[in-house]
Protein chains: 2
Amino acid sequence: MGTDRTSTSSRVFTPLDPHSRAETVVRRLTDAITFGLLTDDEQLPSEADLAAQFGVSRVTVREALVALRQQNLVETRRGRGGGSFVRAPATGTASPLRSRLAATSLPQLRDTADHYAAIAGTAARLAAQRADADDLVRIGEELHPRGRPLHRVERAFHLEVAAVAQSARLAHEEVAFAAELGTLLWAPIVPVSSKDPDPITEHQRIAAAIGAGDGDLARQLTEEHVARAVERLIDLHLTLVDP
Amino acid sequence: MGTDRTSTSSRVFTPLDPHSRAETVVRRLTDAITFGLLTDDEQLPSEADLAAQFGVSRVTVREALVALRQQNLVETRRGRGGGSFVRAPATGTASPLRSRLAATSLPQLRDTADHYAAIAGTAARLAAQRADADDLVRIGEELHPRGRPLHRVERAFHLEVAAVAQSARLAHEEVAFAAELGTLLWAPIVPVSSKDPDPITEHQRIAAAIGAGDGDLARQLTEEHVARAVERLIDLHLTLVDP
DNA sequence: GCGAAAAGGTATGGTGCCAGACTTTAAAGG
DNA sequence: CCTTTAAAGTCTGGCACCATACCTTTTCGC
């Protein structure tokens, strides 16, 4: 009992976030640029808007932008029509992703994937229980690549399923994973194996299960879909770590 | 496609945590005391230790402790053997929990529960896949109330399952839920209905499924267990909101 | 071409937080 | 009873961040 209490209590005292606020903004924007959430030539909101949206002062945003300029990730122009524009690295776009993948240990990869599968699977299950006709149309629209690269298709599909699940928390978690594992999981650096089912076909099957209201099947198919992507990612990880 | 990009990009710019670090520490400790993670007369770590563990300076911890003293949640003594001691409110212990429950909307309750069921269910599933003999012994130990109130038994059981799952993330999520929904879900203010299976019996069945390596059953039983607790919580919520 | 508007750039006083140093208090141990 | 030890209490200079105000730059619209 003493052991139990000690064990429980010690979990209360975990560290607060060590990053400065400016640093956190830098990381947010750097990640978004590096991983394709913000694209080349895209204009960021104005400093004042960024400050309002991030909930920080303009000084903090400015400091973050200085760092981004030093990393050549944005270019800033003054005056009307000015602002900060994304300068996504054209060459070696995949390098940060590869570095990140190589720097992530195998247990971490698996653990994150387990967590993600739980979220994405549950989202699919709830979507099957809760989707109305409009929802199914919206999911159906995400089955079409429409010229987008596969990683964007993947991300959009799962985000849409999470949205249809009508769970703010799961949608929020899905967004968080999109900025984290999802970036690696659906990264363009991971080739789709010819042995695997076509990812779009997998989406179609998930969507069909959702449409049929079969939550358990939707979850199972989603988990398998994620598991296959994880296996591919792990294969790539192994080639990076130990070529 | 423009809509897609705009939609995705706007999700990058969400607010940073608005709370000061001292305030965050206050919330951490207040919650832990109010919801029973830290019990009456329990000694907190020293200021220096708290600072190290929270990753803040001593000034910040001191400020938090001032606030806690003003709320009569701790009592501080100087000198050797001194320190801050928990003064959990004896009367009206349940009031903060009831207030919190009444203040939480029904969709929020359900959403949080959905999220929690995904985590706890997956933890049970992974535990079934990964538990060794020692793990099963440890889970078995949590089947015995050992004089603890039911809400502590519930919390300890699920935390143990998450630990056995060998997923740092899920364990971390389980801990986070223990401080959030779990506190309400397993709260002593929610009477166990005589129509429901005995919670200990439910734990035993989950443990048996884990022991048998049946991940899907373990997950299903866990989800049902959580769903029943949620229904009871919602019943109570309704009496508080609209008596 | 000029004025307005939108944007970045600069400055300032105040607050929160940091690391570090020193003092006071009270209990434990010899 | 005295000394040691572990704890809280106080202080300080420096940095991060805040809100606010003002200035400069550049484009857009008339």
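FYI, side chains are in, hydrogens and waters are out, and symmetry mates aren't considered; it's all heavy atoms of this structure. In the text below, chain A, chain B and the rest are named by the order of the sequence lines, each starting its count at 1.
Below 30°, between 30° and 60°, or above 60°: for F157(B) and H203(B) the angle between ring planes is below 30°, a parallel geometry. Relative orientation of the F13(B) and F54(A) rings is perpendicular, given thresholds of 30° and 60° on the angle between their planes.
The existence of a salt bridge linking R87(A) and D41(A) is confirmed by a sub-4.0 Å separation between a basic side-chain nitrogen and an acidic carboxylate oxygen. D114(A) has a carboxylate O that lies under 4.0 Å from a charged side-chain N of R130(B), or vice versa, which qualifies the two as a salt bridge. Using a cut-off of 4.0 Å between Lys/Arg side-chain N and Asp/Glu carboxylate O, R77(B) and E75(B) are scored as salt-bridged.
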query = Which letter, B, S or -, goes with each nucleotide of nucleotides 1-12 of chain D from 5' to 3', with contact meaning a protein heavy atom under 4.0 Å?
reply = ----BBBBBB--
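Counting heavy atoms from C-beta outward, Q166(B) and D135(B) have side chains that approach closer than 4.5 Å. In this structure, R69(B) and V66(B) have side chains that are in contact, with non-hydrogen atoms separated by less than 4.5 Å.
Between E23(B) atom CD and dC18(D) atom C1' the separation is 15 Å, expressed in whole Å.
Residues that satisfy the ring pair (Phe, Tyr, Trp, His ring centres under 6.0 Å) test with H115(A), not counting sequence neighbours, are F177(A).
Contacts between residues 15-22 of chain A and DNA chain D, defined by a heavy-atom separation under 4.0 Å, are made by S20(A), R21(A), A22(A).
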